[in-house]
Structure formats: structure tokens, C-alpha cells
Protein chains: 2
Amino acid sequence: MNAPMSIQSCGNCGLVSMCLPLALTQPEMTQLDGIIKKSAPYRRGESIFRQGDAFTSIYAVRAGMVKTTVVNTLGEEQITGFYFPGELLGLNGLHENVYSGTAIALETVSLCEIPFLKLDELSALLPELRRQLMRQMSQEISDEQNMMLVLAKTSAEEKLGNFLIRLSLRFKRLGFSATQFRLTMSRVDIGNYLGLAVETVSRTLTKLQQRGVIKVAGKEITILDMDGLSGLNRKADEPAKLVVVG
Amino acid sequence: MNAPMSIQSCGNCGLVSMCLPLALTQPEMTQLDGIIKKSAPYRRGESIFRQGDAFTSIYAVRAGMVKTTVVNTLGEEQITGFYFPGELLGLNGLHENVYSGTAIALETVSLCEIPFLKLDELSALLPELRRQLMRQMSQEISDEQNMMLVLAKTSAEEKLGNFLIRLSLRFKRLGFSATQFRLTMSRVDIGNYLGLAVETVSRTLTKLQQRGVIKVAGKEITILDMDGLSGLNRKADEPAKLVVVG
DNA sequence: GTAAAACATTGATCCAGATCAATGGTTGGA
DNA sequence: TCCAACCATTGATCTGGATCAATGTTTTAC
């Protein structure tokens with residue numbers, strides 16, 4: 001007998017150590033499983049939720065990558081994040097019961113949908129669930145604040161270096177190669193997120209390649225010199241490590 | 001008999017409608033009061049907490065204004081926010097039990113210190129407290145995301161216009177004039193926050209004054225034309241309203 | 001009250017990245 | 001398989017804001 005529910009539960013998910021069920025006991029995890037809905041896969045380009053829609057659920061990414069955006073009243077769009085498996089979407093929708101941004105699949109994506117009202121009730125009963133939810137929100141606040149520094153203070157090369165290092169760390173955390181990975185997002189998206197023109201993204205990737213710190217083959221990136229990548233534009237006597245977001 | 005505790009409680013605080021006790025009943029508010037510590041005033045320039053310190057409490061601003069900053073490993077500092085009365089500090093410290101930024105008083109400041117372990121326990125018992133805490137965190141995530149758009153996409157004039165409008169809204173919310181207020185932060189701080197050089201801040205304020213949309217007298221700002229201020233750099237046929245953070 | 005320090009403003013010059021243009025490569029649908 | 005649309009790269013030129021310099025004003029400490 002094929003039991004789809006037992007195949008796809010928090011208890012046997014490879015992402016437990018970075019997702020909501022972290023630190024839950026097995027019976028507690030079963031309770032959380034009881035409120036989670038597994039979604040059908042989203043295809044590349046599909047919206048998971050849209051800015052302005054009523055807020056109902058948060059979503060944990062199970063597979064694939066997602067970008068989030070905000071649009072101002074002039075229609076100007078800013079990418080606010082790229083989300084990996086184990087990361088939560090929709091945390092910015094609670095205050096007005098409206099999603100304050102849009103989430104879009106960058107490739108085929110599977111999600112766990114967690115209706116927020118039920119999550120809220122369960123969080124009263126399970127202290128570790130409540131705390132982990134708050135930690136995830138706190139992490140996101142901190143990530144966005146560090147991103148403010150990147151946007152306000154760093155050169156194009158530093159921005160790209162920082163971006164690639166962050167991707168590298170998250171691929172590594174998921175068990176993939178830290179030094180060779182495929183970008184799911186376009187150069188236009190990278191530029192949008194980092195506040196750079198697409199031409200500057202392209203140019204700067206080429207420049208980093210000419211310096212020998214990375215190798216670029218279309219969407220494939222190979223990091224050849226991790227220290228070199230984090231030390232971009234550093235003066236010779238300065239420490240070589242950039243703060244890394246996420 | 002002077003009873004300091006009864007003078008300073010959530011029940012009779014003018015900031016209830018924008019702070020944690022929002023939506024609590026009177027007995028619930030008494031419970032919250034029981035875990036809050038009132039701090040002695042902080043003087044201008046004093047740190048409330050520092051990046052890297054162990055996370056113990058969040059703080060609600062009772063009077064005065066506070067700025068928060070993050071510093072990267074190169075010592076580069078980015079101001080991440082200006083906080084008004086009724087707003088919460090320290091929400092970015094939960095994930096690592098370390099404050100991920102520093103909070104500094106911009107003038108004489110009074111705070112309510114809320115030890116987080118106690119708040120967490122109480123939030124299990126008081127659903128509305130738990131929800132309001134989450135709403136505050138969600139609001140902050142959203143604010144930072146909108147700030148990313150400002151930093152990445154807008155001109156110096158638009159940045160200043162947006163900044164002044166946001167200040168205006170928060171002064172108004174506190175019962176002060178929406179059109180005439182005194183800046184507590186220096187031009188250098190404004191520039192740091194918006195990713196601009198201090199000279200550009202000064203120049204742009206002068207330019208806005210020459211256009212007649214504001215009047216600048218040192219730290220005093222008078223908004224003469226609110227629509228003009230939000231319509232900076234707009235093409236003639238475009239709507240005139242910028243998205244406003246916070 | 002005074003002097004030093006800090007802050008704000010203005011002018012001149014410079015430059016990192018944006019914009020515009022053109023070309024080559026990749027992807028998706030028929 | 002072919003073609004249109006989209007994406008990525010490269011070159012040339014432009015520009016908004018940074019940097020440097022100088023001066024005026026305000027605040028702070030003694």
C-alpha cells in the first residue's frame with residue numbers, strides 16, 4: 001500500500017534541521033504535520049501568492065527556488081529575496097492580513113502550505129514551534145538589514161561577490177556543492193535584486209572571471225577562489241571577509 | 001502618595017494603540033505590565049544594546065527616538081532604522097540569541113524593557129499578545145523590504161521625499177504636526193540611511209526648498225506641499241504617490 | 001562667555017555605473 | 001527542425017551623485 005502521507009511528512013523530510021519542525025519531538029511533529037497541506041508543484045513563472053492577496057498561509061519551500069518581489073504604486077518592482085528549500089515565504093503578510101509582496105517560482109517548486117490560523121493555535125501549545133517561527137522571522141529581519149548595507153555601501157563587484165557567496169553557503173547547507181552551482185535566476189533578476197543594471201551584472205561576472213576567482217559558463221558558476229571572491233576591492237591590509245547574509 | 005508604577009503602565013500609556021498591548025483586555029494588560037521593566041532614561045548617544053551582545057530583551061520606545069545600525073566585518077556601518085515611540089527594538093536578535101545590530105539614543109529616550117523569555121511564556125497564554133508580536137515582526141520585515149526598493153531604485157530626491165513623508169506620517173500618528181517637525185538625526189545619519197553622501201543630502205534639501213515643497217531651517221522641517229513632495233521626478237501623467245514605509 | 005569641535009552648506013571636479021546600441025547565444029513553441 | 005522571443009555580452013557615451021575643498025553655523029565643554 002502506497003502511503004503518500006507517510007512519504008511526505010516532517011518526520012522524514014531532509015529539511016527538518018533548517019525548517020519549522022526543528023527541535024520538535026516526534027509527537028509534536030505529527031501535530032504540525034496535521035495542519036500542513038502539500039501543494040501540487042508550481043511551474044516556473046507561476047505565482048505562489050500575489051501582493052495584495054488576502055493572507056492565509058505561510059509556505060515552506062520543499063524543493064526548487066522562489067523569488068519574492070514588492071511593487072510600489074508606480075509599478076516599480078524590486079526583488080526582495082531568493083528562497084531556497086527549508087526557507088519560509090509569506091512572513092511579511094501578518095500585519096495587514098494581506099501579502100505585502102509576490103512570490104514566484106524560478107523553476108519547478110514544491111511547497112508545504114501552513115495555514116496561519118492553525119499554526120498560531122499550535123504555536124501556543126508547542127513552545128519550540130513558536131520559538132522557531134520567531135527565530136525565522138528574526139532571521140529574515142536581520143537578512144534584510146544586512147542587505148540594506150550591501151545596497152547602500154558596496155560596489156558592483158562586492159555586491160556580486162557577496163551574492164555568490166551567499167548562494168554558495170545555502171547550496172552547501174543543502175548538501176550540494178559550495179563551489180559549483182547553477183543559477184536559477186536571470187542576470188536581469190540578479191541586477192534588480194542588487195540594484196545594478198543587467199549590463200553591469202554581465203560585465204562584472206566577466207571581470208571576476210578574468211581575475212580567476214570564478215568561472216562562468218552561462219548559468220553555471222564555479223567558484224575558483226572563495227577568499228578572493230570575498231576580498232574584492234579590499235585594501236591589502238584589510239581583513240578579507242565580508243559579512244554574509246543568510 | 002506618588003505611585004510611579006501606576007503612573008507608568010500599559011493601561012494608561014498613550015501608545016497602547018500602536019504597541020504590544022494593542023487588543024489586550026485590562027487583566028491581560030496587567031499581566032504584561034508584570035514582566036515589563038521601566039528603564040532609566042538614556043541620554044543622547046548612549047547605546048541601548050550593542051551588536052554582538054547577548055540577546056535578553058526587546059524594548060518598546062516610550063519617549064524619544066532611537067537609531068539602529070549594523071556593522072560588517074570591515075567596520076562599515078549602515079543605519080537600518082529610526083524608531084519612534086510605540087515601536088519595538090531588538091526583534092532581530094532572536095535567531096542567534098545575539099543582538100544583530102546596535103541601538104543608539106538620538107535624544108533623551110525612555111524605554112520599556114521586555115525580557116524575552118517571559119514575553120515568550122506570556123505569549124502562549126495570551127493569543128492576542130502573541131499575534132501582535134508577530135504582526136510587529138511582520139511589519140518590520142515589510143518595512144525593510146520596501147526600504148530595499150528605495151535604496152535600489154530611487155533618485156536622491158525621491159529618497160529624501162520618501163524619508164520626509166515617512167517621518168511626517170509617524171509624527172502625525174503620535175499626535176504631532178504632520179507638516180512641521182524637528183529632525184533628531186544629523187544630515188550624516190540621513191545620508192548613511194539612504195545611501196547618499198552628506199553633501200547630497202544638504203544639496204537636495206536645498207533643492208526641495210527652492211522648489212517650494214519644503215522649508216528648511218536647520219533641524220526644523222516644514223512640509224509646504226505634501227503632494228509635491230511625493231511626486232518628485234514623476235512624469236506628468238503618472239500617479240503622484242510613492243509607497244510609504246512604516 | 002569663549003573656544004574648539006561638530007555639523008551644515010556650497011562649489012568644483014571626478015567617476016562608477018546607467019543608458020543606448022549592437023551582436024551573438026539559448027530556449028520554447030509550433 | 002525552424003523561428004521568434006528572450007537572454008547574455010560587449011562597446012561607446014552619458015550622468016547622478018561621490019569626492020574633495022572651502023566656508024559658515026551650531027553645539028558642546030570648560
Side-chain angles (χ1 to χ4, degrees), chain A residues 43-46 67 76 78-79 104-108 150-164 182-211 214-221 232-235, chain B residues 43-46 67 76 78-79 104-108 150-164 182-211 214-221 232-235:
Chain A
R43 277 171 303 176
R44 177 179 161 77
E46 277 192 287
K67 74 177 175 180
E76 286 172 315
Q78 172 69 29
I79 295 178
I104 298 163
L106 287 173
E107 59 192 340
T108 304
V150 170
L151 285 168
K153 297 273 185 305
T154 64
S155 67
E157 284 181 31
E158 289 168 305
K159 283 173 177 170
L160 257 302
N162 178 284
F163 178 71
L164 292 176
R182 185 175 165 278
L183 302 175
T184 50
M185 72 297 287
S186 65
R187 305 292 201 265
V188 168
D189 276 355
I190 296 171
N192 179 304
Y193 179 60
L194 299 177
L196 301 173
V198 60
E199 293 90 346
T200 305
V201 173
S202 204
R203 257 185 261 280
T204 308
L205 287 175
T206 301
K207 199 192 292 189
L208 295 183
Q209 176 160 247
Q210 282 160 2
R211 287 195 188 188
I214 62 170
K215 179 170 166 246
V216 182
K219 300 276 196 175
E220 281 282 329
I221 300 284
L232 297 171
N233 280 332
R234 294 306 103 196
K235 295 176 216 153
Chain B
R43 277 171 304 177
R44 177 180 160 78
E46 278 192 287
K67 74 177 177 183
E76 287 172 315
Q78 172 70 29
I79 294 176
I104 298 162
L106 287 173
E107 59 192 338
T108 304
V150 170
L151 285 170
K153 298 272 185 304
T154 65
S155 66
E157 284 182 31
E158 288 168 305
K159 284 173 178 171
L160 257 301
N162 177 284
F163 178 72
L164 292 175
R182 187 175 163 278
L183 303 174
T184 50
M185 71 298 286
S186 65
R187 306 294 203 262
V188 167
D189 277 354
I190 296 172
N192 179 301
Y193 179 62
L194 298 176
L196 301 173
V198 60
E199 293 91 345
T200 304
V201 172
S202 204
R203 255 184 262 280
T204 306
L205 287 176
T206 302
K207 198 192 290 189
L208 295 183
Q209 175 161 247
Q210 282 161 358
R211 287 194 190 191
I214 62 172
K215 180 170 165 244
V216 182
K219 299 275 193 176
E220 281 284 328
I221 300 284
L232 298 170
N233 281 332
R234 294 305 105 198
K235 293 175 218 155

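Each chain gets a letter, A, B and so on, in the order the sequences are listed, and its residues count up from 1. Just so you know, these numbers come straight off a predicted model, no measurement behind them.
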Flag, side chain of E46(B) to backbone of R43(B), donor-acceptor distance under 3.5 Å: yes

Could I get a table of every N or O pair under 3.5 Å where one atom is in the protein and the other is in nucleotides 28-30 of chain D?
none

Is atom NZ of K215(B) surrounded by more than 12 heavy atoms (other residues, nucleotides or ligands) closer than 6.0 Å? no

Contact state string [nucleotides 10-26 of chain D, B base, S sugar-phosphate only, - no protein heavy atom under 4.0 Å]: BBB----SSBBB-----

d(CG, L183(A); C1', dT9(D)) in whole Å: 15 Å

Using whole Å, what does the distance between atom P of nucleotide dG17(C) and atom CG of L205(A) come to? 14 Å

Out of V188(A), I190(A), N192(A), which residue meets the side-chain contact (heavy atoms from CB on, under 4.5 Å) rule with I79(A)? N192(A)

Side-chain touch D189(A)/K67(A), heavy atoms, less than 4.5 angstrom: yes

Tell me, do N162(B) and T154(B) make a side-chain contact under 4.5 Å, heavy atoms counted? no

Would you say L196(B) and K159(B) make side-chain contact, with heavy atoms under 4.5 Å? yes

Looking at K153(B), I want to see if its NZ is surrounded by more than 12 non-hydrogen atoms of other residues, nucleotides or ligands under 6.0 Å. yes

Using only atom types and a distance under 3.5 Å, with no angle test, would you say the side chain of Q209(B) pairs donor to acceptor with the backbone of V216(B)? yes

Gap between atoms NZ and P, on K153(A) and dA16(C) respectively (whole Å): 18 Å

Would you tell me if any nitrogen or oxygen in the side chain of K219(A) comes within less than 4.0 Å of OP1 or OP2 on dC7(D)? no

Length of the CD1-C1' vector between I190(B) and dA6(C), whole Å: 16 Å

Taking CG from L160(B) and P from dT9(C), how many angstroms apart are they, rounded to a whole number? 11 Å

Is any side-chain N of the basic residue among E157(A) and R203(A) closer than 4.0 Å to the acidic one's carboxylate O? no

Expressed in angstrom and rounded to an integer, what is the separation of M185(A) atom CE from dC6(D) atom C1'? 18 Å

To the nearest 10°, let me know how far the axis at one end of the helix from dG1(C)-dC30(D) to dA30(C)-dT1(D) is tilted from the axis at the other, five pairs an end. 60°

Would you find a donor on one side and an acceptor on the other, under 3.5 Å apart, between the side chain of R44(A) and the backbone of L106(A)? yes

Please report, rounded to the nearest Å, how far the P atom of dT19(C) is from the CG atom of N192(A). 12 Å

Is L205(B) close to R187(B) at the side-chain level, that is, under 4.5 Å between some pair of heavy atoms? yes

Round to a whole Å and report the spacing from CD of E107(A) to C1' of dG28(C). 17 Å

